[in-house]
Asks: 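Below is a structure I'd like to ask you about.
Labels below follow one simple rule: chain letters A, B, ... track the order of the sequence lines, proteins then strands, and each chain is numbered from 1.
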Amino acid sequence: MALHSITAHGMPELQGHHDVHHEEHWFLKYCWSTDHKMIAKQYLVTGLLMALIGGFFAYVFRWQLAFPNQPVPFFGVVTPASYNMMITQHGTIMIFYVAMPVLLAAFGNYLIPLMVGADDMVFPRLNRASYQVFLISSVILIWSFFVPGGGFGGAWTAYPPLSAGSQYNLTPSGSTLWVVAVAVEFVAFLMGGINFIVTAMNARAPGMKFVDVPLAVWMIVIASVMFMMSVGPLIAGSVMLVMDQNFGTHFFDPRTGGDPVLWQHLFWFFGHPEVYVVLLPALGFLAEILPVFSRKKLFGYRTLLYSSIGTACLSFFVWAHHQFISGIDPRMANVFAATTVLISIPIAEIMFVFIATLYRSSIQFTVPMLWALSFVAEFLVGGVTGIFLGASGADIHFHDTYFVLAHFHYTFFPIAIIGSFAGLTYWFPKMFGRHLNEGLGRVHFWITIISFNFIWMPLFFTGIMGDHRRIYSFANFPDLMTPDRILLREISSVATAVMGIAQVLFFANFFWSMYKGRKAEDNPYNANTLEWRCPSPPPHGNFAVMPTVYRSPYEYNHPDREVDFWPQDEPPAGQGELRPEGAH
Amino acid sequence: MAEQHPSHESGGIGWQPLARSVFLTTFLGAVIVVGTVLFYIFAGGEDLIARLIPANSSFAGDIDFVILVIAGIVGFWFFASLFAFFVLLYQSRRRPGHKPEYLAKHDHQLHTWVSWPHWLVIACDLIIIIVAVKVWHQVKQVAPPADTVIRVVAQQWGWTFRHPGTDNKLDTVDDIVTIDRLHVPLDQVVHFELQSKDVMHDFSVPVFRLKQDAVPGRTIKGWFKPVKAGAFDIQCAEMCGIGHGLMPARIFVETPEQHAAFLEDSARNASVPGGQSIY
Amino acid sequence: MSTEAATREERKYWRIWAILISLPLLSLAAQQTGMGWLAILVSVVVMLTSTWFAVTTWMHVHLEPRFVPYLCLLGIAAMFLLFFMVAPDVMSHEGNNWQNRSADTPAHIERPVDPLAPPGAAAETHH
Amino acid sequence: MNYTTITKFDRGPLARLLTGAGLAAALLTGCHPDQRMSASSDRQKQLYAYCMQCHQIDGGGHKLAAAPNIGGLDSAYVENQLNKWRDGVRGAHPDDAEGLRMRPMLRTLAGTDDIKVVAAYVASMSTVYSPPSLYGDQEKGGKVYQASCASCHGTEGLGNQAMMSPRLAGRNDWYLVTQLHKFRSGVRGADPRDAQGAMMRPMALGLADEQTIRDVAVYLSQLKPKEI
Amino acid sequence: MSGQIIATGRSAAGMPTGKLAVWMVIASEIPIFGGILAPYLMHRIGHPDWGQMAASLNVWIGTFNTGLLVTSSLFAMLAHAAAERGDGPLAAARLRLAAYGGLVFLCIKAYEWYAKISHDHVPQTGTFYGYYFSATGLHGIHILAGVAILLAIAAQAEKGKNLQRVELIGIYWHFVDVVWFFLFHIFYIIR
């Protein structure tokens, strides 16, 4: 191993295999690159663009719900068909084309090689192929909006016979393209998932035991395993659905012996593990950010790890709580109610660990820390309201009302939006070598958080008061047109517009700071994990000298060290056991 | 930079005073929350949910009770953890001279901190499961004997209701079939057979806390017993295509005289069902 | 690897091959006897034994680290979970408060008649 | 190297500019636009947008959605039918699957003036002809039509405004067949408030058998009026 | 440009990266095949009248196909044995034999499908055939992919390069064989 001398402020001087960086054609560098960092940025940019589309749909149909049948600024009249298409595509885009790519693929691709001390993903070409398959899938989805009949409008859960019969959904090619786009996206994430798991398991730096792996990597690996184990039936289900739609088969056609409830089971068998697949990476980012800005060791590394593995396993037993009143046998509902309420325990465990990490620490309210703390606060509301829906008795009233929407937006918003903002603001200096503008970040944070709460708190109450979801306009329901309900809906819609506009601040800050922001050092936050041990932005081969790991990533304020952080790859000064080469 | 924090004894960490104060404030906050919820439940607060949406069927009160029990338990944990969260945020903010602690592994106090909420959460979950399953069994699995049976057929973008007519038996000549307007007698157990002709629909009467999907190809039975007269909304609660938001229906809970009048005048011009204006 | 050890290795594979050829023949015989329960019993036994032979002797799964077989068993367990939790709704045709009317439609599905065909023209179905 | 610099509020020029813009935008959205489009052609297009998903943009109809080609019907007839849909005179029968799909769509139109606007727009569209989708002998169909139907619907099937009879020339053949079946079975036209329906039902019952209905339907769907 | 990635060479989990990846592929394929077989079994048990449709399957062709696939797996195994001895060309020859076995299997399968379609025993006229064609079709696609990879690795093995990959494709090929065991018994034997 190349000898490296300790320079003045404790950073090993960089020597070793710096291959000369020849300038490539921009296409090879940006679109055809096998460098995990470039592929991560490709996923990130695609995810953010899709978030714009999903967000715009949200603004439009939220406006239509508050001011029925009036033309929506920047869109025009919202017809029932375009309303259904927008809510369906909003759900599909936000889960499959924003949360999964940004949280799982963008950060997974960027962080796993850096955090385990490798120079790239184990299969670079497969990694590039997985992004390209994902790109094809998002192109197919966008294309499905413009085919005759328009985009698919039968809700993102695509229950047959509405999704199977084009005489019912009136979007003959739109519905098939939607199913094909989602199935191709699953293939992309199977390829990506295998890459994440194998890299995290095999390409770990010498000396990095399983307990030294940062939790962000662990969480993405558990999420990929869960995705791999749960997506199979839905791939088979989508093949059956496409055959039902186009080739006249009768898998889900009730008139000839098919069974629509079978699709619901296949969909939600994947659906519920899927929401934990996007939750775990966000928890992983929190496990990285909270200790750094509270300068304190994470409360329970093994507690967090075992309870997320527990959540992963339990998440396979709970799926039918989405179907309590949709035709399954009522006796089954009791089983799923019990497992659903019990799954709140490991998640409560994880929240206790995050809160306990803050105990007796020294919290520094930087923008990433603000996002991380707001994640904990908002996710508590989301997690807590889930129990109402998991308990079968209460779900009779709450199923498919705005209470359900408010619940899963209080979980999805912290996961997809707050989680990725936390990750982006925290790792931006490493990704682009420059700092984001701190003041702008704070303004964007406060406007987004306040407007988010103003969107969804009122809708909890409209949900209890009987507003059902996916209803085009409440003007047709006399009981729902009372002045208080109308006011609550208008507050929520205006807050959606405010939040939409506030995102301009983020995009401006993001793209402006990429070139004009303050230069960032290699380790601006004095963090321990390996990605801060290489220059920012890291060159092609990441580490000049491949690091060796000596300790866990959360050794902050260790009593017998004067500096309050202890990087993973810093050899212990004399005392402490020296880990032999290749220990695993 | 490595100034020594005064209270940082090298040996044991100063748990006791801090823990006691944080524990006390959390407990106090929790007691207040649980107290208010219990007050509402037992001091006539039964209609806490009913104030938002009327409870007009026999099992609506039971479902509201389940919601309130969950609200009480879950509210306690929510406010307790949020309270602890904000206390810790304020208390551990970065101040000059304040040095964070380093928690060694397997600290005894550390485990007590985590284990007692752990068991309490499990206990609360069991209570919630028992309450929820009891109500679910009572509403969805068993039904009191039927005073009258109706058939609800959902189809793309309209509801067809088949009333048994004067002989109170379905599929007889005197059945009354109406579109989007259901007439049921007050204070009687009404059983319904739910079917769908084409796609998934959902027969939901929010004020009755009644919701059941209509799965095409299946007949699903259910029951409700209206306890308050009046006209209420029926909503479709499962995406069924373009007209999903445009297929409202009305349920008319009628006193015996009104119901008799309805039966009688429907029998008179029973030749054609005749829809009503949709405005 | 000396050639003598190699041929012994390959002979072992041929022996496994012989077993894996004869097992399906066994289940074929069981099926030809016409006894349904026997066919099911034999085919389950044959499926498990041939999978065991193929996975241990050919794929050498016992030489891999422990988590590899565990991961595959996790997938199989997920499928059993899917089967046993979904069967009460899809397999049985009625249950508590519901009855699947569409389940007793005939298995053979008639093809829709082509409206453009002149009436009375015998619909050209296969034999 | 001290990271406290991070926490100071960056007073960069861009920061001040954008925060001001953000707040202004937040206030701007407070007021929501409530203006109605002027009652002109874009109002027509805006209202017809509700019908486009099934009846297509050119009024050509869509067999998959069981929606007929409504282009070229005169506005009085369209208005009369739309009022019937809204009042439940038509399409309010349990066996009328297509009727129950059409009827809720009237909830997207605010009132009688919207119905007039849509009716005028539909009348302004031209009838879209499509090849026959059923087997039918056009000569026989023509003879039967001229014998019993031409008196009300006109020899060239252009309809008669006084008697509120619609233009049948160019109507989809599958649509004519289903409507004739509905008239015969009383699913359509049996409502006491439906004057035209009462006149039409005996005529439909007068047709001999299924094949005659198809012949007439195919004949009408391909009937091109002589005037240009 | 990519050069030799250091990460690919590491085996912190105690097994070479390629083999770990192949086992991951197999672990992710199990739910996909399970996702087709589980609904089929539910419907098959729920609809006893699918028996006559199942009776139309030709058991003899099925058994022959099973034997053929097992033989093809044997050659993949022998190729692995040869590769371990470093004998590239022999491994390549045996891999090609395994690939040709797979192709013959596909031809027989195509013939069987043609017979079905000509008798109008197609998914449109019976959901049993729907599941039969989907399951065997998905399996057929996996065989096609396997044949392509077998030939690609045989070409490389002939030149003595990447001999460790012979074992990897062997594992995948045996997995495809095991899946066929299940399909054969569930569709052809259990009537």
Side-chain angles (χ1 to χ4, degrees), chain A residues 80-81 84 154-155 159 161-162 168-169 254 260-261 295-297 325-327 330 333-334 337-338 341-342 344-345 348 351-352 355-356 358-364 376-377 380 384 387-388 391-394 396-397 399-400 464-466 468 470-473 476-479 557-559 562, chain B residues 2 49 52-53 63 66-67 70 74 78 81-82 84-85 88-89 92-94 98-103 113-114 117 121-122 125 128-129 131-133 135-136 139-141 156 198-200 202 204 206 209 211-213 215-218 220 232-233 235 237-242 244-246 248:
Chain A
N84 283 356
Y159 281 177
L162 176 66
Y168 301 133
N169 59 36
V261 178
R295 307 310 299 168
K296 177 167 172 290
K297 182 180 168 84
I325 51 109
S326 67
N334 301 325
V341 174
L342 287 179
S344 65
I345 295 167
M351 283 298 140
F352 284 153
I355 294 174
L358 306 174
Y359 177 65
R360 297 185 76 85
S361 65
S362 149
I363 298 171
Q364 195 191 341
V376 173
L380 274 179
V384 140
I387 313 269
F388 289 93
S392 48
I396 299 174
H397 178 52
H399 177 76
D400 257 9
I464 297 174
M465 291 196 239
H468 278 81
R470 298 169 178 150
I471 297 280
Y472 161 65
S473 115
N476 307 316
F477 297 91
D479 286 3
N557 272 307
H558 200 279
E562 39 334 300
Chain B
I49 303 284
L52 294 173
I53 178 164
I63 291 180
V66 169
I67 296 171
I70 298 173
V74 146
F78 172 65
S81 37
L82 210 62
F85 177 67
L88 290 180
L89 274 192
S92 312
R93 69 192 183 289
R94 189 173 172 289
H98 168 77
K99 192 168 185 316
E101 303 308 331
Y102 178 79
L103 301 179
W113 264 96
V114 175
V121 166
I122 294 178
D125 281 349
I128 293 174
I129 292 171
V131 168
V133 166
V135 168
W136 175 266
V139 171
K140 289 282 180 187
Q141 285 180 267
Q156 251 183 337
D198 37 36
V199 289
M200 299 280 295
D202 187 300
S204 160
R209 308 292 184 277
K211 199 168 296 174
Q212 178 55 48
D213 266 22
V215 182
R218 289 178 183 221
I220 297 176
F232 311 107
D233 266 346
Q235 291 185 44
E238 194 65 61
M239 168 58 85
C240 56
I242 294 176
H244 168 65
L246 302 168

Asks: Going from CD on Glu238(B) to CZ on Arg470(A), what distance comes out if it is rounded to the nearest 0.5 angstrom?
Replies: 6.5 Å

Asks: Give, for atom CD1 of Ile325(A) and atom CD1 of Ile396(A), the distance between the pair rounded to the nearest 0.5 Å.
Replies: 9.0 Å

Asks: From Ser204(B) OG over to His468(A) NE2, what is the distance, rounded to the nearest 0.5 angstrom?
Replies: 3.5 Å

Asks: Going by the rule side-chain contact (heavy atoms from CB on, under 4.5 Å), which residues pair with Ser92(B) if we only count those two or more places apart in sequence or in a different chain?
Replies: Ser361(A), Ile363(A)

Asks: Using every non-hydrogen atom in the two residues, find where His98(B) and Arg93(B) come nearest and quote the distance to one decimal.
Replies: CD2-O, 4.2 Å

Asks: Mind listing the closest non-hydrogen atom pair of Ala394(A) and Ile70(B) along with its distance?
Replies: CB-CD1, 4.1 Å

Asks: Looking at chain B, which one of Ala338(A), Ala337(A), Gly154(A) has the largest number of heavy-atom pairs inside 4.5 Å, strictly under?
Replies: Ala338(A)

Asks: With chain B, which of Pro161(A), Ala81(A), Ala391(A) has the greatest number of heavy-atom pairs at distances under 4.5 Å?
Replies: Pro161(A)

Asks: Name the option with the most non-hydrogen atom pairs under 4.5 Å to chain A; the candidates are Asp125(B), Leu52(B), Val133(B).
Replies: Asp125(B)

Asks: Out of Asp400(A), Leu342(A), Asn557(A), return the one with the most heavy atom pairs under 4.5 angstrom to chain B.
Replies: Asn557(A)

Asks: Can you tell me which of Val139(B), Ile122(B), Asp198(B) forms the most heavy-atom pairs within a distance under 4.5 Å of chain A?
Replies: Asp198(B)

Asks: Is chain A contacted by the side chain of Ile220(B), its backbone, both, or neither, given a heavy-atom distance below 4.5 Å?
Replies: side chain

Asks: Taking every non-hydrogen pair under 4.5 Å, which of Ala333(A), Ser473(A), Ser362(A), Ala377(A) racks up the most with chain B?
Replies: Ser362(A)

Asks: In Å and rounded to the nearest 0.5 Å, what is the OG to CG distance from Ser81(B) to Leu380(A)?
Replies: 4.5 Å

Asks: Please classify the contact between Arg218(B) and chain A as side chain, backbone, both or neither, with a heavy-atom cut-off of under 4.5 Å.
Replies: side chain

Asks: Where on Gln156(B) is there a heavy atom nearer than 4.5 Å to chain A: the side chain, the backbone, both, or neither?
Replies: side chain

Asks: Is it the side chain or the backbone of Pro478(A) that comes within 4.5 Å of chain B heavy atoms, both, or neither?
Replies: both

Asks: Of all of Ile67(B), Val215(B), Ile63(B), which one pairs up most often with chain A through heavy atoms under 4.5 Å apart?
Replies: Ile67(B)

Asks: What pairs with Tyr168(A) under ring pair (Phe, Tyr, Trp, His ring centres under 6.0 Å), at least two apart in sequence or on another chain?
Replies: none

Asks: For the CE atom of Met239(B) and the CD1 atom of Ile471(A), what is their distance to the nearest 0.5 Å?
Replies: 8.5 Å

Asks: Examine whether an atom of Phe388(A) lies under 4.5 Å from a heavy atom of chain B, and if so say whether it belongs to the side chain, the backbone or both; otherwise answer neither.
Replies: both

Asks: Sort out for me which of Asp233(B), Val135(B), Ile242(B), Val66(B) touches chain A most, counting heavy-atom pairs under 4.5 Å.
Replies: Asp233(B)

Asks: Based on non-hydrogen pairs under 4.5 Å, which of Gln141(B), Met200(B), Gln235(B), Gln212(B) is most in contact with chain A?
Replies: Gln235(B)

